[in-house]
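Everything on this sheet refers to the single structure shown next.
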Amino acid sequence: MQDEKALVEQAQAGNSTAFATLYEGYFDKIYRYLLLRVGSKTEAEDLTGQVFLKALEALPSFRWRGAPFASWLFRIAHNQVVDHWRKASKRTTLPLDNSIRGGEVDPAAIVEQKLRIEELVASVRDLTEAQRQVIALRFAAGLSIAEVAKAMGKKEGAVKALQHSALRALRRILLRSEGDG
Amino acid sequence: MDKRFEDLLEEGIERVVVKGENLEEFLALHPGEMRELGPLLEMALAAARASQVEPSPELKARLRYRVQAAFQDKGRKRLLPLAWPRRLVAVVAAVLLFFLAGGGTALALSADSVPGEVLYPVKIAKERIQQAFTLSKGAKARLQVKFAEKRVNEIAKVAQRGRGEKVKQLSEKVAQHLEKAQQAVRSEVAKAKEEIKALLEEEAQKHLALLQGVLEEAPEEAKLPLRRAIERSKGDYEGTIRALGGPLPSLRLQMAAQAIAPDTIVGLIILANEGEVPAVIEGVEDLLFWKGEGEEWQQAREVILSSTPALKEGIRIPPGKAVKFEYKVIFTPLPQARELKKAIAVKVAGREGVFRDVVNLRPYADKGLVPGEKVEFRGVIESINRHWIVEGRPVLVTKDTLIEGKPKRNLIAEVKAEVRPDGSLIAKKIKIED
């Protein structure tokens, strides 16, 4: 993305093209992060829209104080996840996942991808909340350690330790599930 | 934990997962840590690859539209860009001068004013500024509907005060706002039309209910003009809704389901068209979910057959008609499941979203088994997976199960199993006959 600081400042000044550029740059990352955190494609789609609308509302109050824009945006995403689970505990609805659509892409590859993400979503549920967040921010959203640290409000050393423990735990969970039966 | 190892792990993730360098080459640089580092980096690679789900372009475009519309509604009020038209600058200047002359409080107080009161022109001026600042068609239409709501509230107030002539004027204004909403909406895309229609239907109900309530309490001299205003507003709302493109298809979906075997669910789906136009099916999704004791819901992955042959894309249900579809789902049994949910969603042409229904059902259970009981039976091996199906009975096969012979479907097997606390069977020994 072109100079992000300049884009954010232009968006704050009312430049819709600048905001659209930020939207295009972060959309996929936010969506993947939310998909891993909530485990449902439908919910992830709804929440992705909410994240950008909330970001738009809060944009005037964003300040460059050493925390990158990505960290700020993913904090908003995290808060959406927390609200989602708070509301979900009061409901009895299910994730109703969309089907795999055929067409121009290879259905077998899509099925395989779908199973991989489902397996990952199921596995991260057994991690601690902090481990889940690190996995989602680092690998689904593709943030750097520094950005993850700012988004989580932790030191980089603490995030690296969480990353280590999360990967170990995830490996244990996946090996255990393959061993069943 | 070893800080140095964590730094090394992070370096490996950065180089191998993020930058795509070769894993083996990286590990070769750190032979002492290879044994622990390798599996963790493989896990990181797997997590990164599994997460690379592509959102659909349609979703991205649809949300982009929403966000851009919200941006245009909100994002330009803070600063005055230099390139505004003279007219807008003049209006804004007038309002600022008004504030400077002590009018800020007046603007706040004008919100509740009605025609004939001193502050009413301030209220109208504010609305004109809002209109000037609202650029997207959808937002303009929504704003006009909100203005119509304000005029309706004003009608209620002036009617309560017995001012019949103002009721008529305000009724004209409601019609004008709704006409402007209609004009704005003509160039709007279908999705925004649906939102505005829904808003209009909701607002129409609220407004008309409000005015009906006021009618009952209004002084005699205001009743007749108020009745006319109600009829006129009703007609104006209906006309505006009709102009937006007519009624939408509406479906009521009901499903019944029953587990008739460890691996089979059968049921019925009824689709009833409660709308005024035919409903054309664009797509059908049906899914099965299960939950173990103390666990969360999961989607059943190994669905061998899910068949609702008659319910498919292109089916057309006339208004006022209901159609029944039988279905059957065959899946790899889930002995660990305590509950099942069968879900279906139907997409109808011309509607965003889906119509859906979900049914809870109990898994099929072998009757009369006591936990801890030993069970022996013989039959054809129908399926070999995490759970084998032998003569229609699912048994969990673990690494502790003693298997004699070559596991192969359609061979005969003798099974010695034990009943688990949840009623499912775990195989202790399976002897396969050639």
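From a predicted model like this one, the values you see are computed outputs, not experimental measurements. Protein chains get the first letters and strands the later ones, always in sequence-line order, with residue 1 at the start of each. When reading the values below, keep in mind they use all heavy atoms of this one structure, side chains included, and skip hydrogens, waters and symmetry mates.
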One should read off an interatomic distance between B:E54 CD and A:Y31 OH, to the nearest 0.5 angstrom, of 9.5 Å

With only heavy atoms counted, which part of A:L170 is less than 4.5 Å from chain B, the side chain, the backbone, both or neither? both

Tell me which of these, B:P55, B:A48, B:S56, has more heavy-atom pairs under 4.5 Å with chain A than the rest. B:P55

Tightest non-hydrogen contact, residues B:L63 and A:E45, listed as CD1-O, 3.7 Å

Looking at A:I135, A:N15, A:L59, which makes the most heavy-atom pairs under 4.5 Å with chain B? A:N15

Measure the shortest side-chain to side-chain distance between B:V17 and A:R138 over non-hydrogen atoms and say whether it is less than 4.5 angstrom. no

Does the side chain of A:L120 come within less than 4.5 Å of B:S51's, by heavy atoms? yes

For the backbone of A:A20 and the side chain of B:R64, can you confirm whether one donor and one acceptor N or O come within less than 3.5 Å of each other? no

Close side-chain approach of A:H164 to B:E36, heavy-atom, < 4.5 Å: yes

Is there side-chain contact between A:K160 and B:L9, with at least one heavy-atom pair below 4.5 Å? no

Interatomic spacing from CD in B:E6 to OG in A:S165 - rounded to 0.5 Å: 8.5 Å

Looking only at heavy atoms, what is the nearest atom pair of B:V67 and A:L56, with distance? O-CD2, 3.9 Å

Student check: side-chain heavy atoms of B:K60 and A:Y23 closer than 4.5 Å: yes

Taking atom types as modelled, is there a side-chain donor on A:Q163 or B:E10 under 3.5 Å from an acceptor on the other? yes

If you measure from CG on A:L167 to CD1 on B:I13, what distance do you get to the nearest 0.5 Å? 5.5 Å

From B:E11 atom CD to A:I145 atom CD1, the distance as rounded to the nearest 0.5 Å: 13.0 Å

